[in-house]
> 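Dumping the structure here so I can ask a few things about it.
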Amino acid sequence: MKIGVPKEILDGENRVAMTPDSAGMLQKLGYECLIEKGAGAAAGFSDADYKAAGVTVSKTAAALWKDADIIAKVRIPTETELKRLTKDKTLITFFNPGGNEEGLELAKSKGATVIAMEMVPRISRAQKMDALSSMANIAGYRAVIEAGNNFGRFFTGQVTAAGKVPPAKVLVVGAGVAGLAAIGTSTSLGAITYAFDVRPEVAEQVESMGAEFVYLDFEETQEDGSASGGYASVSSPEFRDAQLAKFRELAPEMDIVITTALIPNREAPELWTEDMVKSMKSGSVIIDLAAEKGGNCKLTVADEKIVTDNGVTIVGYTDFPSRMATQSSTLYANNIRHMMTDLTPEKDGKINVDMEDDVIRGSTVTHKGEITFPPPPPKVQAIAAQKKPEPPKELTPEEKRAQEIAAFKTQTRNQVTLIVVGAVLLLGVGLVAPASFMQHFVVFVLAVFVGFQVIWNVSHSLHTPLMSVTNAISSIIILGALMQIGSGSALVVVLAALSVFMAGINIFGGFLVTRRMLAMFQKS
């Protein structure tokens, strides 16, 4: 079968769904690759590069759509493009099935199979095909770069001979893929970074990247993000009021605000109101990554950059991934290639739409003349945040006392049993062993017993596994040496004294080193 990639016809779209590298991988799956003339030029891939990779260059889009069995695109196809589909063709692209009923009906009437890349379920196995995350990652990175381009100062703080420069303060609203990419870029540039998200499980991720998570003084159990496929869900009105109040508090302090909050198949929630913009300092920057869905900022204008009366720059570009077309095309082409790998299990160049597969079923929106959107929930759910363990029940003083007495009795019973069993065994050995053996054997048993008791009764906070074993062995050595130090032989006395000296250094030195290690972690 032939897989073809047409040139994107939307103005300003520079990405392409196939690169020379991904074409080589597709050919290993048994496919013949086609590309429209000039399709990769805006992304930095020339027709010569594709020809060198064994890709056939079609002169026109019509010729490519006619020859190819599988079409891979980036943007939502137009009506003209959908009319070129037939029942034998498969289209792989961003499709927006939740808001593109006309497109779904037209694809259904053509009998074609349409795989929507934004519908890839967010489960571990499908991460390699998650084009939304790939593009969001680039958008988050580019948002910080765009903010720096419009911000009149450094991100990092500096103290120079010419004066002191305070670090920039950056607030990232929404800690999804785009938000985390923005946080990572911002912190690496030296800014003081804050982040907020309605999903409490992302707080640890935010803090692990060097940012400060913004908590609300609000008691409400939020829905786990995994319950909605890893996306944020709609919050209650009370939670929203608390959220806006917190943003109004932070607005005058922030130099840069990057908003990334989106809910699938809904308009972007308004999180940064007009009064918040007016309270910001002159020269501040707002980057609204939700501009395509109406924007998180009240004053955002899609595809434009505006400056408010109080000097705040609001950037509402909707093509951040396209502004880094080479990188975006590389990642998106890899997503397509991984999707094709799953669709070609036999690597024989023939597509197999397995509707029993969670990933393929979830991504397929039309198939064999039927609309298969929305898909059923995947059999394997997204990884959920671990539930907080319930706090242990507080015991009363009487219960604690009873518990301690029971533990003491059990410990005493065990020790007495061990001593009795040991004594019986020693007596049994003494009945059959010679006196010379028993003299040394008793010394050995006592050394082991005393050494064990000495180490066991030391507080566990003073132990490392190595120190425990070393000190136990040293105790056995030093006890054995003490038993022999009174011998009549000068050689034995010297060796025993050396043993006591070296074992003593090991024991006392070990505890001193351990105490110094613990002191490093104690407050002065």
Side-chain angles (χ1 to χ4, degrees), residues 1-9 13 15-75 77-78 80-95 107 110-117 120 128-129 131 134 325-326 328-354 357 359-360 363-364 366-368:
M1 299 178 77
K2 297 179 181 179
I3 178 169
V5 174
K7 184 177 181 179
E8 297 298 322
I9 59 177
E13 181 54 68
R15 290 172 290 178
V16 64
M18 181 193 293
T19 65
D21 287 341
S22 72
M25 299 291 184
L26 291 170
Q27 288 164 1
K28 290 180 180 179
L29 293 174
Y31 292 100
E32 182 181 339
C33 297
L34 313 175
I35 194 161
E36 184 183 346
K37 182 179 179 181
F45 305 109
S46 67
D47 292 342
D49 294 333
Y50 285 106
K51 288 179 180 178
V55 180
T56 302
V57 179
S58 298
K59 292 183 179 180
T60 64
L64 182 134
W65 281 81
K66 181 180 178 181
D67 295 340
D69 303 295
I70 305 159
I71 307 295
K73 273 179 51 62
V74 179
R75 286 285 188 167
T78 63
T80 302
E81 289 175 318
L82 287 174
K83 286 181 177 178
R84 290 172 172 165
L85 290 173
T86 66
K87 65 178 182 179
D88 298 323
K89 294 188 185 296
T90 300
L91 175 63
I92 305 175
T93 182
F94 283 116
F95 199 83
K110 293 291 183 179
T113 298
V114 176
I115 295 175
M117 290 302 290
V120 171
K128 60 188 177 182
M129 296 168 255
S134 297
T326 303
S328 300
S329 298
T330 300
L331 295 183
Y332 184 69
N334 283 335
N335 294 141
I336 294 287
R337 188 253 299 176
H338 285 301
M339 176 63 77
M340 293 302 301
T341 301
D342 270 31
L343 288 167
T344 320
E346 303 298 327
K347 297 183 180 181
D348 56 357
K350 294 181 181 179
I351 199 167
N352 177 25
V353 182
D354 181 8
D357 184 285
V359 178
I360 295 172
S363 308
T364 305
T366 67
H367 183 58
K368 293 182 178 179

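Just so you know, these numbers use all the heavy atoms, side chains as well, and skip hydrogens, waters and symmetry mates.
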> Treating Glu13 as the side-chain partner and Arg75 as the backbone partner, does any N or O pair qualify as donor plus acceptor under 3.5 Å?
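Not a single qualifying donor-acceptor pair exists.
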> What is the minimum heavy-atom distance between Leu64 and Gly4, and which atoms define it?
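Taking Leu64 first and Gly4 second, the nearest heavy atoms are CD2-C, 3.9 Å.
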> Distance-only criterion, 3.5 Å: show the donor-acceptor pairs between side-chain atoms of residues 18-26 and protein atoms not counting sequence neighbours.
from	atom 1	to	atom 2	distance (Å)
Thr19	OG1	Ser22	N	3.2
Thr19	OG1	Ser22	OG	3.4
Ser22	OG	Thr19	N	3.0
Ser22	OG	Thr19	O	3.1

> Restricting to side chain to side chain donor-acceptor pair (under 3.5 Å), what partner residues turn up for Lys66, sequence neighbours left out?
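In terms of side chain to side chain donor-acceptor pair (under 3.5 Å), with neighbours along the sequence ignored, Lys66 is linked to no residue.
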> Should Thr93 and Val74 be marked as a side chain to side chain contact (heavy atoms under 4.5 Å, CB included) after you check the CA-CA gap, both sets of side-chain angles, and the distance that decides it?
CA-CA 5 Å; Thr93 182; Val74 179; 5.7 Å; no
> Under the salt bridge (charged side-chain N to carboxylate O under 4.0 Å, His left out) rule, collect the residues that match up with Lys368, sequence neighbours excluded.
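Partners of Lys368 by the salt bridge (charged side-chain N to carboxylate O under 4.0 Å, His left out) criterion come out as none, since no residue qualifies.
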> Asp357: which residues meet the side-chain contact (heavy atoms from CB on, under 4.5 Å) condition with it, sequence neighbours left out?
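Asp357 satisfies side-chain contact (heavy atoms from CB on, under 4.5 Å) with Arg125, Asp354, Val359, Ile360 only.
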> Any donor and acceptor pair, going by atom type alone, linking the side chain of Asn352 with main-chain N or O of Leu343 inside 3.5 Å?
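Not confirmed, Asn352 side chain does not pair with Leu343 backbone.
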> For Ser134, check side-chain contact (heavy atoms from CB on, under 4.5 Å) against everything at least two apart and list the hits.
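With neighbours one apart ignored, the set is Leu331, Asn335.
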> Minimum heavy-atom separation for Pro77 to Leu91, with atom names?
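Between these two residues, the closest heavy atoms are CG-CD2, 3.8 Å.
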> In Å, rounded to the nearest 0.5 Å, how long is the span from NE2 of His367 to OG1 of Thr113?
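So the gap between those two atoms works out to 5.0 Å.
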> Mind checking what makes side chain to side chain donor-acceptor pair (under 3.5 Å) contact with Thr56, not counting sequence neighbours?
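In terms of side chain to side chain donor-acceptor pair (under 3.5 Å), with neighbours along the sequence ignored, Thr56 is linked to no residue.
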> Judged by atom type as modelled, is there a donor-acceptor pair below 3.5 Å linking the side chain of Ser329 to the main-chain atoms of Val16?
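Answer holds: yes.
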> Going by an N to O cut-off under 4.0 Å, is there a salt bridge joining Lys73 and Glu8?
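Yes.
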> Closest heavy-atom contact between Met117 and Met339?
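Heavy-atom minimum between the residues: SD-CE, 4.2 Å.
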> Name the atoms and distances for all side-chain donor-acceptor pairs under 3.5 Å in residues 30-44, with sequence neighbours left out.
from	atom 1	to	atom 2	distance (Å)
Tyr31	OH	Thr344	OG1	2.5
Glu36	OE1	Lys7	N	2.8

> If I take atom NZ from residue Lys89 and atom OG1 from residue Thr86, how far apart are they, to the nearest 0.5 angstrom?
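Rounded to the nearest 0.5 Å, the NZ-OG1 separation comes to 4.5 Å.
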> Rounded to the nearest 0.5 Å, what's the gap from CD1 on Ile71 to CG on Leu82? Could you check?
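Answer for the CD1-CG pair, Ile71 versus Leu82, is 11.5 Å.
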> Listed by chain and number, what are the side-chain contact (heavy atoms from CB on, under 4.5 Å) partners of Lys128, not counting sequence neighbours?
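With sequence neighbours excluded, Lys128 shows a side-chain contact (heavy atoms from CB on, under 4.5 Å) to His338, Asp342, given in chain and number order.
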> If you look at every heavy atom in Thr366 and Thr364, which pair is closest and at what distance?
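Of all heavy-atom pairs spanning Thr366 and Thr364, the closest is O-CG2, 3.5 Å.
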> Output all residues satisfying side chain to side chain donor-acceptor pair (under 3.5 Å) with Arg337, sequence neighbours left out; order by chain, then residue number.
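If we apply the side chain to side chain donor-acceptor pair (under 3.5 Å) test to Arg337, skipping adjacent residues, there are no hits.
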> Please, which pairs that meet side-chain hydrogen bond (donor to acceptor under 3.5 Å, both in side chains) have at least one residue in residues 39-55, sequence neighbours excluded?
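Matches after skipping sequence neighbours: Ser46-Asp49.
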> To the nearest 0.5 Å, what is the distance between CD1 (Ile115) and CD1 (Ile336)?
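Answer for the CD1-CD1 pair, Ile115 versus Ile336, is 9.0 Å.
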> Rounded to the nearest 0.5 Å, what's the gap from OG1 on Thr78 to NZ on Lys83? Could you check?
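Taking OG1 in Thr78 and NZ in Lys83, the distance rounds to 9.5 Å.
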> How many angstroms lie between atom OG1 of Thr90 and atom CG of Asp69, to the nearest 0.5 angstrom?
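Result: 8.0 Å between the selected atoms.
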> With a 4.5 Å heavy-atom cut-off, do Leu85 and Trp65 have their side chains touching?
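They are in side-chain contact.
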> What residues, two or more places apart in sequence or in another chain, satisfy side chain to side chain donor-acceptor pair (under 3.5 Å) together with Arg84?
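If we apply the side chain to side chain donor-acceptor pair (under 3.5 Å) test to Arg84, skipping adjacent residues, there are no hits.
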> Only counting residues at least two apart or in another chain, list the ones meeting ring-ring contact (aromatic ring centres under 6.0 Å, His included) with Tyr332.
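In terms of ring-ring contact (aromatic ring centres under 6.0 Å, His included), with neighbours along the sequence ignored, Tyr332 is linked to Phe94.
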